[in-house]
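For reference, the structure is listed below as structure tokens.
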Amino acid sequence: MGEWRRTSECGAPRRGDIGREIVVMGWVDGRRDHGGVVFIDLRDRSGLVQVVFNPEESRDAHDTAGGLRSEYVVAVRGTVRERPPETLNPSLATGEVEIKAEEVRVLNDAQTPPFGIEDDTNVAESTRLKYRYLDLRRPAAQEKLLFRHRLAKSIRDYLDRAGYVEIETPILTRSTPEGARDYLVPSRVNQGSFFALPQSPQLFKQILMVAGMDRYFQIVRCFRDEDLRADRQPEFTQVDIEASFVTPEAIYELIEGLLEVAFALRGIALQRPFPRLTYDEAIARYGIDRPDTRFGLELADVTEALRTAELRVFREAAEKGGLIKALAVPEGGRLSRKDLDTLPDEVSQFGAKGVAWARLTPEGWQSPIAKFLSDEQRRAVEVATGAEQGSVILFLADKAKVVNDSLAHLRLVIGDRLGMIPRDENALLWVTDFPLFEYSEEEKRAVAIHHPFTAPRDEDLELLESAPLKVRSRAYDVVWNGTEIGGGSIRIHRRDIQERVFRQLGIGEEEARAKFGFLLDALSYGAPPHGGIALGLDRLAMLLSGSASLRDVIAFPKTQRAACLMTEAPSEVDPRQLRELGLKIDG
RNA sequence: GGGGUGGUAGUUCAGCUCGGUUAGAACGCCGGCCUGUCACGUCGGAGGUCGCGGGUUCAAAUCCCGUCCACCCCGCCA
């Protein structure tokens, strides 16, 4: 580019710039060669501008233009001029002007790209990920990264204004029991020992509270070696927050303000305060702890009403401590017999063996199970579900988890199919009072629902040893349109309570001291009451930018097998590296 | 670990059910022509490991078995 200096971005020139001599640099988006005059669209991050090469105005530039191809990198010195009136292009921000090229320099040529650099691309994602640097040249892709930048910036500014301090915590840290599988990093200096990459900076932020930092935040990478989904990457970014001397209410207020700022970037105003729902209520009414409350279609528990029904699946579910729940779909005529027949396929993935249904017609119940229910039982179901003439009632009877998972899924499928979900609404809510523990069939013991540092509710403290599964926690999630976008809790700040919780989790005194000694020590040196929350920045960026996948808002994402198609990571390593680490590959 | 969808030209796809000429289309690419286009136009051309391996068959893109990769879901992910 010699001594040339870029004086304008491609997307900048407007009517007011007419007559200015400028230098633009960018990529050739396309070339239209008329034999005489040649047009080039030049693209950079800011947009597109048309450059005109006229052989009568500059022979050299025109000659060079003839050899340009897509994605060549060029610099153009020229004059902004008005387009002839009949050639204005209203679909281009710069469409009222063009650049008359006086001199052009090819800064780099380019191979023909494997796919066109355009927004409406229909190219396999694996191809786009392999050539991510080309994929990211697409304006739509760049817009998502730019939005993510603005989102992170406004969150940072908001928390700074609120007195929160961003503090970095270690990436090489120690593996802890509980929770997700760790990514491990072998230590060369201490052979046979491993660091773990943090699943979150949980313990460090608590210790910063003990250290008196008062209000901490960090926009921080977290790592979990678990299987991937469209909304789950092995490394992801969290807005991690912790504060001393807070109640849940203080956290709610802080986060509602933060989300207000975030949604404002999309011109969305939020209703505050957000509604609250206890965990028990969420499960009862929606079958899930992250309900989409943009629409009704709530579940009803009809276990008691149908406990004695003449139907074996119902009776057995009730006898074995399971549930019978029902869902009334208004205007059920819109669900055809064929629709109803496909419902069992929808729920088999959750272990459900079937879905019973009933149509409420003027002639009464039209249903394969009608003859097994008494008039009284049918009336009780109608009352419980709020079913009316024309409704279709769906029934599930099984173990509680199967029933709730299945109906929660059916609620979404039917709500979507019948167009009951108002797409332009934003339903934000807090789900509170999660249980502290749940029983793990796999491990045959209680495990923490949130994490082992979550405080029990004071009034449930006495149940910790006698009825641990009944203890409610001071944990909360923030849910948006059926997606969990963040969760947190008030933490345990007393050593004795932390030790009792560890004991319930099957972590003995010795293990607790070995693995969490530093935390227990810290708690015994004047730890203030504290609590916090973590928001999923990738998920927020994904949802606010209308993306279908987390991969769209991460510059260099991993595939479902946790691989990077561009760098081909993970890879084998040199045997010498393994020797230095004292590692042997088995098999 | 399990269930599902897909893999054919650089790209997006058709062909596969019912095995049988030279595996097609569009876009892109290359060359010629063209002085106001912006999805430029027009004439011509090149381009294929039918994901990979094995099997059945006179004959396989097509049928069978295995395997790899990508995506979606269940399990898993405090």
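Order of the sequence lines sets the chain letters (A, B, ...), proteins ahead of strands, with each chain counted from 1. Everything numeric here is computed off the predicted structure, so don't read it as measured data.
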Determine the interatomic distance between C1' on B:C16 and the same-named atom on B:C64; round to the nearest Å.
-> 14 Å
Mind checking the P distance from B:C29 to B:C18? Whole angstroms is fine.
-> 41 Å
How would you label the contact of A:Asp33 with the nucleic acid (heavy atoms, under 4.0 Å): base, sugar-phosphate, or nothing?
-> base
Counter-base of B:A26, judged by Watson-Crick or G-U geometry with both distances under 3.5 Å | B:U11
Establish whether the base of B:C38 is bridged to the side chain of A:Asn89 by a donor-acceptor pair shorter than 3.5 Å.
-> yes
Roughly how many Å is it from CG in A:Asp41 to P in B:C40, rounded to a whole number?
-> 8 Å
Would a distance-only check, ignoring hydrogens and angles, find a side-chain to backbone donor-acceptor pair under 3.5 Å from A:Arg445 to A:Leu505?
-> yes
Just checking A:Gly116: base, sugar-phosphate only, or nothing, at a heavy-atom cut-off of under 4.0 Å?
-> nothing
For B:G55 versus B:U62, give the span between their C1' atoms, rounded off to a whole number of Å.
-> 15 Å
Could you check whether the rings of A:Tyr133 and A:Tyr131 sit parallel, tilted or perpendicular, using 30° and 60° as the cut-offs?
-> perpendicular
Rounded to the nearest angstrom, tell me the gap between atom CG in A:Leu134 and atom P in B:G10.
-> 16 Å
Angle class for the A:Phe434/A:Tyr279 ring planes (parallel below 30°, perpendicular above 60°, tilted otherwise)?
-> tilted
Sugar-phosphate, base or nothing in reach of A:Arg491, heavy atoms under 4.0 Å = nothing
Report yes or no: does A:Gln238 contribute a side-chain atom to a donor-acceptor pair with the main-chain N or O of A:Ala534 at less than 3.5 Å?
-> no
Would you confirm whether A:Arg472, through its side chain, and A:Asp460, through its main-chain N or O, come within 3.5 Å as a donor-acceptor pair?
-> no
Counting Watson-Crick and G-U wobble pairs only, both distances under 3.5 Å, name the nucleotide matched with B:U42, or none.
-> B:G32
Give a yes or no on this: more than 12 heavy atoms of other residues, nucleotides or ligands lie within 6.0 Å of atom CZ of A:Arg290.
-> no
Pair of N/O donor and acceptor under 3.5 Å linking B:G75 base with A:Glu226 side chain | no
When all nucleic acid strands are considered with a 4.0 Å heavy-atom cut-off, which category describes A:Glu346: base, sugar-phosphate, or nothing?
-> nothing
Report the base-pairing partner of B:A70 (Watson-Crick or G-U wobble, both distances below 3.5 angstrom), or none.
-> B:U5
Could you work out the separation of B:C68 and B:U42 based on their C1' atoms and round it to a whole Å?
-> 45 Å
Looking across every strand, which nucleic acid part, if any, lies under 4.0 Å from A:Thr454 by heavy atom: base, sugar-phosphate, or nothing?
-> nothing
Gap between atoms CZ and C1', on A:Phe115 and B:C27 respectively (whole Å) | 15 Å
side-chain contact (heavy atoms from CB on, under 4.5 Å) evaluation trace for A:Arg43 with A:Leu48 = CA-CA 5 Å; A:Arg43 182 191 69 238; A:Leu48 276 186; 3.5 Å; yes
Determine which nucleotide pairs with B:A60, using a 3.5 Å limit on both distances of a Watson-Crick or G-U wobble pair.
-> none
A:Arg491 and A:Ser489: side chain donor to acceptor below 3.5 Å = yes
Verdict with reasoning, A:Arg15 to A:Glu82, per salt bridge (charged side-chain N to carboxylate O under 4.0 Å, His left out) | CA-CA 7 Å; A:Arg15 217 161 241 299; A:Glu82 190 172 12; 3.1 Å; yes
Separation of A:Arg32 atom CZ from B:C33 atom C1', in whole Å?
-> 19 Å
Does the ring of A:Phe39 meet both stacking tests against the six-membered base ring of B:U37: centre distance under 5.5 Å and plane angle under 30°?
-> yes
Identify, between A:Glu57 and A:Pro452, the residue whose nearest nucleotide on RNA chain B lies closer to the 5' end.
-> A:Glu57
Expressed in whole Å, how much space separates the P atoms belonging to B:G20 and B:A70?
-> 33 Å
Are any protein N/O atoms closer than 3.5 Å to N/O atoms in nucleotides 28-30 of chain B? If there are, list each pair with its distance.
| unit_1 | atom_1 | unit_2 | atom_2 | d |
| --- | --- | --- | --- | --- |
| B:C30 | OP1 | A:Arg69 | NE | 3.0 |

About how many Å separate CG of A:Asn481 and CG of A:Leu543, when rounded to the nearest 0.5 Å?
-> 8.0 Å
For A:Pro114, which contact category applies under a 4.0 Å heavy-atom criterion: base, sugar-phosphate, or nothing?
-> sugar-phosphate
Taking atom C1' in both B:G41 and B:G10, compute the distance separating them and give it to the nearest angstrom.
-> 24 Å
Atom CZ of A:Arg224 and atom P of B:G75: how far apart are they, to the nearest Å?
-> 17 Å
Any strand: nucleotide that pairs with B:G47 via Watson-Crick or wobble, under 3.5 Å = none
Rounded to whole angstroms, how far apart are NZ on A:Lys399 and P on B:G75?
-> 13 Å
Could you work out the separation of B:U12 and B:C71 based on their P atoms and round it to a whole Å?
-> 14 Å
Which distance, rounded to the nearest 0.5 Å, do you find between the CZ of A:Arg181 and the CD of A:Glu226?
-> 4.5 Å
What integer number of Å spans the P atoms of B:A60 and B:C33?
-> 47 Å
Short side-chain to backbone donor-acceptor contact, A:Arg69 and A:Asp109, under 3.5 Å | no
For A:Ile40 and B:C38, what is the distance between atoms CD1 and C1' respectively, to the nearest whole Å?
-> 12 Å
Whole angstrom is fine here: how far is it from NE2 in A:His62 over to P in B:U35?
-> 9 Å
Atom pairs under 3.5 Å, N or O on each side, protein against nucleotides 68-74 of chain B: can you list them with distances?
| unit_1 | atom_1 | unit_2 | atom_2 | d |
| --- | --- | --- | --- | --- |
| B:C69 | OP1 | A:Arg561 | NH1 | 2.8 |
| B:C69 | OP1 | A:Arg561 | NH2 | 3.4 |
| B:A70 | OP1 | A:Thr559 | OG1 | 3.1 |
| B:C71 | OP1 | A:Gln560 | N | 3.1 |
| B:C71 | OP2 | A:Gln560 | N | 2.7 |
| B:C71 | O3' | A:Arg551 | NH2 | 3.0 |
| B:C72 | OP1 | A:Arg551 | NH1 | 3.4 |
| B:C72 | OP1 | A:Arg551 | NH2 | 2.9 |
| B:C73 | OP2 | A:Ala230 | N | 3.3 |
| B:C73 | O2' | A:Gln349 | OE1 | 2.5 |
| B:C74 | OP2 | A:Arg229 | NE | 2.9 |
| B:C74 | O2' | A:Gln349 | O | 3.2 |

